[in-house]
Asker: 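My questions all concern the structure below.
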Protein chains: 2
Amino acid sequence: MRLVIARCSVDYAGRLQAHLPLATRLLMVKGDGSLLVHSDGGSYKPLNWMSPPCTLATSEPDDEQRAAGIVELWTVTHKKTADRLIVSIHEVLHDSAHELGIDPGLQKNGVEAHLQKLLAEQIELLGEGHRLVRREYMTAIGPVDILATDASGASVAVELKRRGDIDGVEQLTRYLELMNRDPLLAPVTGVFAAQEIKPQARTLAEDRGIRCLVLDYDAMRGVDDGDSRLF
Amino acid sequence: MRLVIARCSVDYAGRLQAHLPLATRLLMVKGDGSLLVHSDGGSYKPLNWMSPPCTLATSEPDDEQRAAGIVELWTVTHKKTADRLIVSIHEVLHDSAHELGIDPGLQKNGVEAHLQKLLAEQIELLGEGHRLVRREYMTAIGPVDILATDASGASVAVELKRRGDIDGVEQLTRYLELMNRDPLLAPVTGVFAAQEIKPQARTLAEDRGIRCLVLDYDAMRGVDDGDSRLF
DNA sequence: CCCTATATTTCGGTA
DNA sequence: TACCGAAGTATAGGG
């Protein structure tokens with residue numbers, strides 16, 4: 001990995017066109033040739049970048065560019081699309097290279113998957129007498145998060161989200177339409193379960209006869225054996 | 001901005017829990033205190049990070065940690081949520097600080113906005129005899145991208161996307177339901193226009209009587225006066 | 001300030 | 001490989 005701090009301007013042309021005026025920034029050249037242009041603020045997203053696979057070529061400025069103060073040009077070209085990134089360097093303030101090796105990668109411990117597992121284990125949160133049929137119940141248009149039965153034995157389809165948005169209601173609606181055409185399942189009622197349900201989504205859901213269930217993740221995790229704590 | 005190359009392991013606890021095994025990585029500390037952990041590959045997303053507002057505290061390892069090879073501990077704490085990032089540093093290979101100043105920021109030149117402008121100018125792409133009523137036609141549930149009339153004078157609502165997905169069809173469906181209740185507008189037909197329309201979205205749209213229109217951005221831009229070319 | 005929609009999204013899953 | 005959904009999404013724009 002090469003790290004360069006430079007006064008530069010950047011032009012990108014590809015799916016859109018963008019320009020960064022002259023300023024001091026970090027240019028990070030990764031081992032795969034990809035380039036990240038970072039400022040000293042914002043979030044983890046660079047101001048501009050080129051994703052791999054791509055190649056970086058450096059060149060000398062022509063007379064006009066040299067007169068404008070440019071001392072070096074970097075052209076990063078994507079190998080598949082026609083995307084191009086041009087870095088016009090006016091001054092190099094730092095330049096260092098480092099051998100990092102390949103990274104073992106990130107190990108994650110679930111969010112929505114965990115929520116689904118917990119709700120399956122605590123299925124009576126849906127109401128007394130509910131029984132789990134199965135998680136990820138497969139239909140022609142995709143898997144329903146949880147299929148259960150209520151106290152009367154009728155089918156209940158559960159759509160699970162961390163944040164309950166209109167999209168999730170639409171998704172569950174499509175599942176319900178389809179499943180209610182199946183005589184072996186019908187009648188199927190719907191439950192929209194999420195840690196947080198947006199007012200718009202709740203309105204739409206209830207308008208369609210879908211029950212909304214707000215889940216308390218911490219409480220559910222508290223009931224759990226509590227294995228996966230790091231600290 | 002401070003740049004540190006170090007052999008380290010990282011633990012994150014917040015909305016999820018994640019762990020990075022010991023390896024050599026770049027630690028980027030931005031002026032606002034935020035931290036990015038980058039490997040020498042992947043895309044622009046860091047392996048792990050902490051977004052501002054947050055604070056970084058360094059501390060000495062205890063005896064047990066020192067025995068495990070840790071020479072320094074960084075604890076990054078988010079100021080609003082309880083998110084925490086702990087960097088266990090085993091070896092520092094590089095450490096430098098740089099003054100960057102505030103960045104003037106990125107200047108973008110349209111994507112969907114441009115597509116909307118182009119289609120409004122070339123409204124007959126919808127079909128012969130079509131006339132533009134207006135862009136961003138406001139309804140109670142949001143703006144319709146383009147409202148037009150067909151050769152017979154009937155209303156046409158256009159939903160525009162770069163990539164035509166099911167979401168867009170659902171969105172247009174909601175607009176059409178609403179607009180068809182307005183006697184001044186009804187009957188309103190729908191056109192789902194995008195650079196690329198997913199098969200699932202097309203099926204859903206046509207099933208609902210919505211016409212699909214694939215737009216050739218380059219061709220439309222070619223018809224345009226062609227002002228906004230960078231190279 | 002909250003909500004909504006987009007993204008040069010990226011990333012992981014499965015068919 | 002391609003498509004689809006989720007993300008510790010981030011970010012911009014409107015009410």
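Here is how names work: the chains are called A, B, and so on, in the same order as the sequence lines, proteins then strands, and each is numbered from 1.
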Asker: Can you find a side chain N or O atom of A/Lys161 that sits less than 4.0 Å from OP1 or OP2 on D/dA6?
Answerer: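 Yes, within the criterion.
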Asker: Any side-chain to backbone donor/acceptor pair from A/Arg25 onto A/Cys8? Under 3.5 Å, distance only.
Answerer: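 Between the backbone of A/Cys8 and the side chain of A/Arg25 there is a qualifying donor-acceptor contact (under 3.5 Å).
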Asker: Expressed in angstrom and rounded to an integer, what is the separation of A/Met50 atom CE from C/dT9 atom C1'?
Answerer: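 Atom CE in A/Met50 sits about 15 Å away from atom C1' in C/dT9.
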Asker: What is the distance, rounded to the nearest whole Å, between atom CG of B/Leu160 and atom C1' of C/dA5?
Answerer: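 From B/Leu160 CG to C/dA5 C1': 13 Å.
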Asker: Do the side chain of B/Asp40 and the main chain of A/Gly31 share a donor and acceptor less than 3.5 angstrom apart?
Answerer: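 At least one qualifying donor-acceptor pair exists.
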Asker: Tell me which one of B/Leu85, B/Val4, B/Val10 satisfies side-chain contact (heavy atoms from CB on, under 4.5 Å) with B/Trp74.
Answerer: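 Option passing the side-chain contact (heavy atoms from CB on, under 4.5 Å) with B/Trp74: B/Val4.
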Asker: Taking atom P of D/dG5 as reference, at what distance in whole Å does atom CD of B/Glu170 sit?
Answerer: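 Taking atom P of D/dG5 as the reference, CD of B/Glu170 is at 11 Å.
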Asker: Closest-nucleotide mapping onto DNA chain C: is B/Leu106 or B/Gly42 further toward the 5' terminus? I mean the 5' end.
Answerer: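 The answer here is B/Leu106.
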Asker: Using whole Å, what does the distance between atom P of nucleotide C/dT14 and atom CG of A/Asp145 come to?
Answerer: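 Between P of C/dT14 and CG of A/Asp145: 13 Å.
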Asker: Between P on C/dT9 and NE2 on A/His78, what's the gap in Å once rounded to a whole number?
Answerer: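 The answer, rounded to whole Å, is 11 Å.
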Asker: Figure out the CD/P separation between B/Glu159 and C/dA5, and round it to whole Å.
Answerer: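 These atoms are roughly 9 Å apart.
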Asker: When you compare the side chain of A/Val37 with that of A/Met28, does any pair of heavy atoms fall below 4.5 Å?
Answerer: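 No, side chains not in contact.
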Asker: Would you mind classifying the nucleic acid contact of B/Thr81 as base, sugar-phosphate or nothing, using non-hydrogen atoms under 4.0 angstrom?
Answerer: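 Since no nucleic acid heavy atom lies under 4.0 Å of B/Thr81, the category is nothing.
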Asker: Would you say the side-chain atoms of B/Asp103 pair up with the backbone N or O of A/Ser39, donor to acceptor, closer than 3.5 Å?
Answerer: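 Between the backbone of A/Ser39 and the side chain of B/Asp103 there is no qualifying donor-acceptor contact (under 3.5 Å).
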Asker: Please tell me which of A/Lys80 and B/Asp83 maps to the more 5' nucleotide of DNA chain D, matching each residue to the nucleotide holding its nearest heavy atom.
Answerer: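 The 5'-side residue here is A/Lys80.
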Asker: How many whole angstroms separate atom CG of B/Leu47 from atom P of C/dG12?
Answerer: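 Rounded to the whole Å, the gap is 10 Å.
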Asker: Return the 5'-most residue of the pair A/Gly14, B/Pro46 with respect to DNA chain C, ranking by each residue's nearest nucleotide.
Answerer: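 Its nucleotide being nearer the 5' end, the pick is A/Gly14.
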Asker: Any side-chain N or O of A/Trp49 less than 4.0 Å from the OP1 or OP2 oxygen of C/dT10?
Answerer: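 Indeed, a polar side-chain atom of A/Trp49 lies that close.
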Asker: Assign each of B/Leu85 and A/Lys45 to its nearest nucleotide of DNA chain D by heavy atoms, then name whichever residue's nucleotide is nearer the 5' end.
Answerer: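 Its nearest nucleotide lies further toward 5', so the answer is B/Leu85.
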Asker: In whole Å, what is the span from the CD atom of B/Gln171 to the P atom of C/dC3?
Answerer: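 B/Gln171 atom CD is separated from C/dC3 atom P by 18 Å.
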Asker: It should be established whether B/Ser43 places a side-chain nitrogen or oxygen under 4.0 Å from OP1 or OP2 of nucleotide C/dT9.
Answerer: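 Answer no for this pair, as no side-chain N or O of B/Ser43 is under 4.0 Å from OP1 or OP2.
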